[in-house]
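Heads up, the thing below is written out as structure tokens.
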Amino acid sequence: MAKKQFKAESKRLLDLMVNSIYTHKEIFLREIISNASDACDKLCYQALTDEAVGMNRGDFKIEIAADKDKRTLTVSDNGIGMNKEDLENNLGIIASSGSLRFKQELGEDAKDTDVIGQFGVGFYSAFMVSEKITVVTKKYGSDTAWKWVSSGADGYTITECEKDSVGTDIIMQIKPDTDDEKYGEFLEAWRLQELVRKYSDYIRFPIRMEVSKTRQKEGSPEDQPEYETYTEVDTLNSMVPIWQRPKAEVTAEEYNKFYRDKFRDYADPQRVIYVSVEGMVSYKALLFVPGATPFDYYTKEYEKGLQLYSNGVLIMDKCADLLPEHFRFVRGVVDSPDLSLNISRELLQHDRQLKIIAKNLEKQIKTELLKLLKEDREGYEKFWKNFGRQLKYGVVGEYGQHKDLLCDLLLFYSSTEKKPVTLEEYAARTKEDQKYIYYAAGETAEKIDKLPQTESLRDAGTEILYFTEEVDEFCAQTLMKFQEKEFRSVLDQEIEEGAEKKAEEAAEAHKPVFDFVKEALGDAVQDVKASARLKSHPVCLTAGEGMSFEMEKYFQSVQPEAAFKAQRILELNVDHPAFKALENAVDADPEKAKKYAVLLYNQALLIAGLPLEDPSGYTDLVCELMQ
Ligand code: ADP
Ligand code: MG
């Protein structure tokens, strides 16, 4: 019979596994048991809606059997089983999300086998300890059983076989011992017991194994006892899901391990949120704020949702309705005995109880994030780096209906503090007569620092929030104000008293120059004004009512063909020597003055970070004027 080949990436992973260091090899048992548990979950779920299954949650079990003579370790389950197609698709290629992430890590660190212990690498990990693996399986609802055999990298075979009951046996032919590696340990009851307790204690189906014990022989005298050995089947795991255990009894490391294992993350969670509610709707929830941004987080591959259980029975793997969009980064489980089990997944979405739980969880998550902000600023800043953008999207999304919930979680970079600050902190620092929360938008903090329009505010020591992400300005527009203070762009800041008047007078005094520049620039600008705010710079550009330049840039990037444009108002600093030069030219050499006007306008575009309409024309002009 022809052997089938593994897909290339599976082969690579296999090589890596086989060569991994010894301490990591033990995790194979966790992987095999997790798969057995998943299979039980699947059939248990099916039993809810399909009476023909005829099984209750209590009927499912996972059995471990070690045969030292044959050197085989067998893990059996009475879960859903696999048909031929499943075997091809599931064991022939690596498709699991955990493995996918693992692959991402390969590149640089391909040799760093440390990652193996932390990733759920699945079924393949069994090859770390086995020279051959046989899978005997029968799928629920099928009459045929199948046998899959593989000795690792050289491929696998699938043949029909006999099996009475539905479920799967994973039979591992354990490798011979070497000088350094005693694989035989994985056939010892004490070692298997230890591993189950270490990695799989929370598995909610009993993991059973026959263990030999000793007892005093019946009738043997107390002073001269005789002993005999006998065997008994023990349940090795405590089966109490971690979220059912009182918080005080669970260590931080247990929570972290549960998280890493269950959600296939290499990093510890940044925050663990435990919720236990008794009342109209009773439920327990164990939620996690991840410590790193999932690599696919901002793509459509990422699916939000919490695992939903009813009394320990998995109902749904990713229940999206339990999480609002703005907290979609949260992972975790919810278990409620009050959910009616007979409803289908579709109906579940409209479940009233589910809505109540979701609403409560939203509040809890907010409270925990605030706590993190107050108690561990550094930690919060790390969280903000990972998921801050999501919260800002949350403010802007759904017509701003979540802005009140989210506004005190926001951070923006402050010009005076030189670090991210909250709106509350900003508001607390404002002088009494400051009516506005000032912001300036630009690509980076460094670039905003150099904006001429921020100069006078910065000179006055006024704090400015720097908006460096596209969503920031939309965020401010949605919020409109915070603690009665309106958001205001530095581009349309209020001008110092008197400055406005002075500017008007200046415009009047130099009227011919302004008329000339307006004429020279034509449609490119809406207006040309004497600036009331410029100090050391000769020119700047401000946007008219409505759209700002940052918004124009945003629309330009997402919808270039629509060509939304902000109105351009050119401001000239009449006290600047450049203005004097312009004024002289208007009188003496109008041709040259025209060139000056174009030059100044282009400089204003550059400072605003807007594209020049005619870059080569501009450089020609500069060179011409240099000659
Ligand atoms: P993952 O568990 O992340 O999907 P694995 O490599 O552990 O990745 O397993 C691959 C797939 O093989 C599983 O998704 C499942 O479909 C199937 N599988 C493995 N073990 C069993 C089992 N005991 N019963 C039924 N299906 C199984
Ligand atoms: Mg698995």
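Counting starts at 1 for both ligands and their atoms, following the listed order. Throughout, residue positions are numbered sequentially from 1 according to the sequence presented.
- Aromatic ring orientation, F288 versus F258: tilted (interplanar angle from 30° to 60°).
- Atoms of ligand 1 found under 4.0 Å from any heavy atom of L91 (numbered from 1 in listed order, with element): 12 (O).
- Taking the six-membered ring for Trp and the full ring otherwise, W148 and F123 have centroids separated by under 6.0 Å.
- Nearest-heavy-atom check against atom 22 (C) of ligand 1 across L43, D77, I62, I170 picks out D77.
- Close approach of ligand 1 to F123 (heavy-atom distance below 4.0 Å) involves ligand atoms 5 (P), 6 (O), 7 (O).
- Looking at K139, M82, R264, it is M82 that brings a heavy atom closest to atom 18 (N) of ligand 1.
- Side-chain contact, R208 with T235: a donor N or O sits under 3.5 Å from an acceptor N or O.
- Closest to atom 12 (O) of ligand 1 by heavy atom, among D86, D38, N90, is N90.
- Residue S34: no N/O/S atom is found under 2.8 Å from the Mg ion (ligand 2).
- Ring geometry for F329 against F327 counts as perpendicular: the plane angle is over 60°, on a 0 to 90° scale with 30° as the lower cut.
- Between D169 and K147, none of the side-chain N atoms (NZ, or NE/NH1/NH2) sits under 4.0 Å from a carboxylate O, so this pair counts as no salt bridge.
- No more than 12 heavy atoms of other residues, nucleotides or ligands lie within 6.0 Å of NZ in K132, so this atom counts as exposed by the packing criterion.
- Residue contacts with ligand 1 for I32 are absent, since no atom lies close enough (heavy atoms, distance under 4.0 Å).
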